[in-house]
Amino acid sequence: ARRMESDCRIPLGGLSQPGLLVTPRTLALCAFLWGLISVRVFGAAVLEEEKTPEMVAFATPCWQVEEFVVAQECAQCNSFQSKTWLACSSTGYVEKINCAKSNKDEYKSCRSAVMEERRFWRFEGTMVSLTVLFALVVVMRQRALDRLASEKVRKQIESI
């Protein structure tokens, strides 16, 4: 039960890397992924251009266009604030600010140092775990390949 595969292969790398070949399936997958990424990027750019200057001026909070002072440090939102305040929706933390020119109090989303540190160590732990996992996979594969090579040499010696 041998798997049928196309003989159409495109050498990549020339003479310096003669074993590096690309199949049409790989090229099609790369083209598809490139197209998907392009649609996402260009689509986001088109949606951004559709905003009129009036819309931007109306929707822009005062802290984006003028100087401000932090009136209350970054704190976690409670359940009610998380559901009702737009500033709480992105990070779950908010700080109260006072805009200098307009003298308005507004709430701005912020990142908690404790939350960022926890996320950092979770990421580090995940990366170390994946490193150990894939190192084990490489060792196991190398042992299997060594076993196959030894078996092949043994069979060649027995056939003499």
Side-chain angles (χ1 to χ4, degrees), residues 3 5 9-14 16-17 19-148:
R3 197 173 116 188
E5 195 169 293
R9 294 178 183 259
I10 302 166
L12 187 68
S16 64
Q17 295 176 336
L20 188 59
L21 299 175
V22 179
T23 62
R25 185 182 317 154
T26 306
L27 287 174
L29 180 64
C30 289
F32 172 74
L33 291 175
W34 181 81
L36 188 64
I37 291 169
S38 297
V39 166
R40 296 277 305 197
V41 169
F42 294 130
V46 167
L47 289 175
E48 187 66 29
E49 289 175 2
E50 289 178 358
K51 292 182 179 176
T52 63
E54 295 81 24
M55 289 171 61
V56 172
F58 178 74
T60 305
C62 70
W63 52 266
Q64 286 185 342
V65 294
E66 58 184 270
E67 296 290 322
F68 64 88
V69 177
V70 177
Q72 188 178 19
E73 291 298 320
C74 192
Q76 189 170 12
C77 301
N78 61 34
S79 61
F80 176 74
Q81 291 170 336
S82 296
K83 294 174 185 171
T84 57
W85 292 4
L86 186 61
C88 284
S89 63
S90 59
T91 63
Y93 288 83
V94 72
E95 63 187 357
K96 185 177 180 179
I97 55 142
N98 186 332
C99 295
K101 284 183 185 176
S102 60
N103 202 24
K104 286 179 15 182
D105 284 339
E106 288 193 12
Y107 289 92
K108 176 179 172 288
S109 183
C110 60
R111 296 191 178 272
S112 165
V114 174
M115 178 187 68
E116 290 295 318
E117 184 177 8
R118 191 175 303 132
R119 290 175 73 191
F120 169 77
W121 286 114
R122 186 181 307 143
F123 173 77
E124 286 294 316
T126 303
M127 292 301 110
V128 168
S129 301
L130 287 174
T131 301
V132 169
L133 174 72
F134 286 116
L136 290 173
V137 169
V138 166
V139 168
M140 289 172 32
R141 177 158 168 73
Q142 188 63 49
R143 285 183 181 169
L145 291 173
D146 289 345
R147 202 174 313 114
L148 287 174

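What you are looking at is a predicted structure, and each value in this text was computed from that prediction instead of being measured.
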(Q) Testing the basics here: between Asn103 and Asn98, what is the closest heavy-atom pair and its distance to 0.1 Å? (A) OD1-OD1, 3.3 Å
Q | Qualifying disulfide bond (SG atoms under 2.5 Å apart) pairs, either residue in residues 101-136, two or more places apart | A | Cys74-Cys110
Q. How many angstroms lie between atom OG of Ser89 and atom NZ of Lys83, to the nearest 0.5 angstrom?
A. 14.0 Å
Q.
Please find the pair of heavy atoms, one from Glu66 and one from Lys101, that lie closest to each other, and give the distance.
A. OE1-N, 2.9 Å
Do any side-chain atoms of residues 123-148 form donor-acceptor pairs under 3.5 angstrom with protein atoms, and if so which ones, sequence neighbours left out?
residue, atom, partner, partner atom, Å
Thr126, OG1, Arg122, O, 2.8
Ser129, OG, Gly125, O, 2.8
Thr131, OG1, Met127, O, 2.7
Gln142, NE2, Asp146, OD1, 3.1

(Q) Using modelled atom types and a 3.5 Å cut-off, is there a donor and acceptor pairing between side-chain atoms of Gln81 and backbone atoms of Asn78? (A) yes
Q: Locate the shortest heavy-atom distance separating Tyr93 from Ser112; write the atom from each residue and the value.
A: CE2-CB, 3.3 Å
Q) How far does CD of Glu73 sit from CD of Glu95, to the nearest 0.5 angstrom? A) 7.0 Å
Q: Give, for atom OG of Ser102 and atom CZ of Phe68, the distance between the pair rounded to the nearest 0.5 Å.
A: 12.0 Å
Q. So which heavy atom on Cys77 is nearest to which on Ser82, and how close?
A. CB-OG, 3.6 Å
